[in-house]
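First listed ligand is number 1; within each ligand, the first listed atom is number 1. Computed from a predicted model, the values in this text were never measured in an experiment.
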Amino acid sequence: MKAIDLPLQNILTSALPADPITDNYRRQVEQAVYSFVSPKPCSKATLIAYADELATELGLDFSTEQRQAWADLLSGNSIQAGWKPYALCYGGHQFGHWAGQLGDGRAINLGEYSAKTGNVTFQLKGAGPTPYSRSADGLAVLRSSIREFLCSEAVHFLGIPTTRALSVVATGDQVLRDMMYDGNAAYEPGAVVCRVAPSFLRFGNFEILAARQDHVTLKLLADFTLQQYFPHLGEPGKEAYLRMLAEMADNTLEMVVNWLRVGFVHGVMNTDNMSILGLTIDYGPYGWLEAYEEGWTPNTTDKDGKRYAFGEQANICLWNLWKLANALYPLIEETEGLQEILSAFPVKYKKSYLAMMRSKLGLTTSQEEDVFQIRHLLDLMERDRIDYTLFFRSLSQINAKNVGTETSEILIRETSYLGASILEPKMTDWHSWLAWYTGRLQAENSVDAERILAMNAVNPRFVLRNYMVQLAIEAAEKEIIPKLILCINFPKHLIYS
Ligand code: AMP
Ligand code: MG
C-alpha cells in the first residue's frame, strides 16, 4: 500500500475565530465560527464507492493499490500532519421555527484543497461526534451515505450546482437507527461520505451569530465570505454586503429553477441546509417527481404541512433569503437595500421559470399566451398523472404533421400512470393542448432536428428515481458492491443525449 499525500490548507480556520475549547463534548459554542475536532477512528475502513470524474478532476489517484490508503484517509482513520479538522457552528430555521444552535453535528471538515478550478473543502460526513452533535451520535449509515453519494453526483451531471461526493467508505462499525421511525431500532452498517465543495457555509452560519448579537464575529464571517467567494464585489462595507446578498439570491434562484426543471424535491429546505453559494446541499429525504404533482414531498415528516413540497420550493428559497437578510442587517442597518433585493426575487423567478419551461417545450420565442398554456399543461399533467421526465423527453417527437394521429395518443398513454380506459375520455383536452403547441411551433418556424437537440439538452433521459438508489443500497448491503467497488460516472451524454 502506497502512502497518499493529500495536501490541505487551513484557510478558514486561519482567518476566523475558533472555539477555545478543544475537548469534544456537546455544548453551546459562542464567539466562534467553528470548533477544532478530530474524527473518530473506525474499526475497518473499506472503500465502497468513489466518483471517478471528480477524482480525476482533482488529480487524485484511485488506482487499486491506493484504495486502502484512501479508505483510511476518507474515513478519518488517518489524519495527515498539518491537517486541523473542524466542525462549523451554525443555527437555522427548521420548518419555519428558529431552532437555535445546530452546527456540523456529523460533519468534520478536513481543510481546503487547491484544485485547478479553485480551492475546495474536503468534508467527512459521519466521522463521529462533534460539539454540535446534541443528542445524536455523529454517525451515518451506509444506506443514507449511498443516497447522498449517488444523488449529489447525479445532480452535478444534470447540470445543477451542488456539493460533490468523492467517496463512500464503510467503517466496519454498526450504527443503531430507527429506519421507519416506529420505535424498532436496529443496527446497520456505518459509513462516511467525503463531500467536496468550494464552501460548506450555510445561511445558518450567519443566523446564529446575528441571533446571539455577536456582531463582531458576524462581520468577520461576512468579510471572509466576501473576500474568499465574492472578491469581485469589492472591499467589505455596506454596499459590498448588499451586492453579496444579491448574488446569493441570484445563485439560489438558479439552483431552484434547475430543481424545477428536472423534478427534484430537496425535502428539507431549512435555513441550515441552504448554501451561501447556491449549491444543492444535504441530501436527506430528497426525491424526484414521477407523476407530476406540485404538492408532492418525499419527506414523510412533512406529509401534512407540505412546506417543502415540489411546488413550494421557490417560495421557500425566498423565505430563507429573508432570514439571511435579517442576519446580515446588523452589518448594513438599512432596510431599503435589503428589501429591494428580496422584492426582485419573485420578479426574476417568474422570468427565469418561464424561460426554463419554454426551453423544456423547445420554444425559442415568447408569446403572452405561454404563461396560461404552460399552467394548463401542468394542470393536465397533474390530473392525468403524467410522468414529468418521460413526458418532456418524448414531447420532442410531436410536430404539426403527427399531432392528430396515434403518435400523440401514445405520448399520453405511455407517460401516464393511469389506465387506458380512464385516460380515454380525457384525451380531448390533450388534443387541444397539443394542437395549440404544434401551432405555436409552426408559427415560430421550428425545425424538428434543431428543436429535438435543444429539448434533449434540457429534458434529461434519466433522473435518479428512488428505485434506482434502492437497488444500489440493496446491492451494497448484500456486500456485492464492496467486492466490486462502485466507480460512478454519470456521463452527461447519457443523461441528456
Ligand atoms: P439535517 O436535518 O440532516 O440537516 O440535520 C440537522 C442538524 O442535525 C444538523 O446540525 C446535523 O449536523 C444534525 N444531525 C443530524 N444527524 C445527526 C447525527 N446522526 N449525529 C449528530 N448530529 C446530527
Ligand atoms: Mg443539514
Side-chain angles (χ1 to χ4, degrees), residues 19 24-29 33-35 37-40 42 76 85-109 121 123-149 151-152 162-163 165 171 173-179 181 185-193 195 197 199-209 211 265-277 279-287 297-302 305 307-308 316 320 323:
D19 171 8
N24 190 359
Y25 63 91
R26 287 92 202 271
R27 58 183 177 272
Q28 292 294 307
V29 174
V33 175
Y34 59 91
S35 305
V37 60
S38 297
K40 176 177 174 252
C42 64
Y86 63 95
L88 287 165
C89 178
Y90 55 78
H93 280 83
Q94 299 191 314
F95 293 92
H97 304 282
W98 175 241
Q101 179 181 297
L102 299 164
D104 284 334
R106 57 165 167 176
I108 297 178
N109 305 277
T121 301
Q123 183 187 78
L124 304 182
K125 185 168 175 181
T130 74
Y132 308 99
S133 297
R134 296 175 291 153
S135 58
D137 56 12
L139 302 174
V141 295
L142 186 59
R143 179 169 48 86
S144 64
S145 302
I146 289 177
R147 276 179 61 80
E148 168 133 24
F149 173 74
C151 198
S152 45
T162 176
T163 61
T171 58
D173 295 319
Q174 296 293 306
V175 175
L176 194 60
R177 282 289 180 275
D178 186 354
M179 195 193 329
Y181 303 102
Y187 281 99
E188 293 187 47
V192 175
V193 175
R195 308 200 290 192
S199 172
F200 287 98
L201 288 170
R202 299 131 192 275
F203 290 9
N205 288 89
F206 291 90
E207 288 179 274
I208 190 74
L209 298 170
V265 192
H266 182 283
V268 56
M269 295 173 69
N270 294 327
T271 55
D272 52 300
N273 290 338
M274 295 293 292
S275 149
I276 57 145
L277 301 181
L279 306 172
T280 313
I281 190 170
D282 279 9
Y283 292 85
Y286 66 79
T297 171
N299 187 343
T300 47
T301 61
D302 193 25
R307 181 179 173 85
Y308 299 138
I316 290 293
N320 290 343
K323 298 297 160 195

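- Under 4.0 Å from ligand 1, the heavy atoms of D282 that appear belong solely to its side chain.
- Within the listing of ligand 1, atoms 18 (C), 19 (N), 20 (N), 21 (C) sit less than 4.0 angstrom from a heavy atom of G138.
- Taking atom 2 (O) of ligand 1 as the reference point, the nearest protein heavy-atom neighbour is N273 ND2, 4.4 Å.
- Taking the side chain as every heavy atom from C-beta outward, L142 and E188 never approach each other to under 4.5 Å.
- The protein non-hydrogen atom at the shortest distance from atom 7 (C) of ligand 1 is R134 NH2, 3.1 Å.
- A salt bridge does not link K40 with D137: every distance from a Lys NZ or Arg NE/NH1/NH2 to an Asp or Glu carboxylate oxygen is 4.0 Å or more.
- Counting protein heavy atoms only, atom 11 (C) of ligand 1 is closest to G103 O, 3.9 Å.
- For atom 20 (N) of ligand 1, a protein heavy-atom neighbour is present inside the 4.0 Å cut-off.
- Counting atoms of ligand 1 from 1 in the listed order, those under 4.0 Å from a heavy atom of R177 are 19 (N).
- Near D137, meaning under 4.0 Å from any of its heavy atoms, are these atoms of ligand 1: 18 (C), 19 (N), 20 (N).
- Using a 4.0 Å cutoff on heavy atoms, G284 does not count as a contact of ligand 1.
- Contacts between N270 and ligand 1, counted as non-hydrogen atom pairs separated by less than 4.0 Å, are absent for every part of the residue.
- Taking the six-membered ring for Trp, Y283 and F149 have ring centres at least 6.0 Å apart.
- Considering only non-hydrogen protein atoms, atom 18 (C) of ligand 1 sits nearest to A136 CB, 3.4 Å.
- In this structure, S275 and T163 have side chains that are not in contact, with every pair of non-hydrogen atoms separated by 4.5 Å or more.
- Here N273 reaches the Mg ion (ligand 2): one of its N/O/S atoms is less than 2.8 Å from the metal.
- Under the 4.5 Å side-chain criterion, counting only non-hydrogen atoms from C-beta, T130 is in contact with I108.
- Between the Mg ion (ligand 2) and the N, O or S atoms of D282, the shortest distance is to OD2.
- Neither the backbone nor the side chain of Y132 comes within contact range of ligand 1; no heavy atom lies under 4.0 Å.
- Ring-plane geometry between Y308 and F95 is classed as tilted, the angle between the planes lying from 30 to 60 degrees on a 0 to 90 degree scale.
- Side-chain contact between T297 and R307: absent, with no pair of heavy atoms (C-beta onward) separated by less than 4.5 Å.
- The closest approach between any non-hydrogen atom of K125 and ligand 1 is not below 4.0 Å.
- With M269, R106, R26 as candidates, the residue nearest to atom 3 (O) of ligand 1 on a non-hydrogen basis is R106.
- Test E207, K323, R202 against T271 for side-chain hydrogen bond (donor to acceptor under 3.5 Å, both in side chains) and you get one pass: E207.
- Listed for the N109 side chain is no donor-acceptor partner under 3.5 Å among the backbone atoms of Q123.
- Heavy-atom separations between V268 and ligand 1 are all 4.0 Å or longer.
- Distance from atom 12 (O) of ligand 1 to its nearest protein heavy atom, with residue and atom name: G105 N, 2.8 Å.
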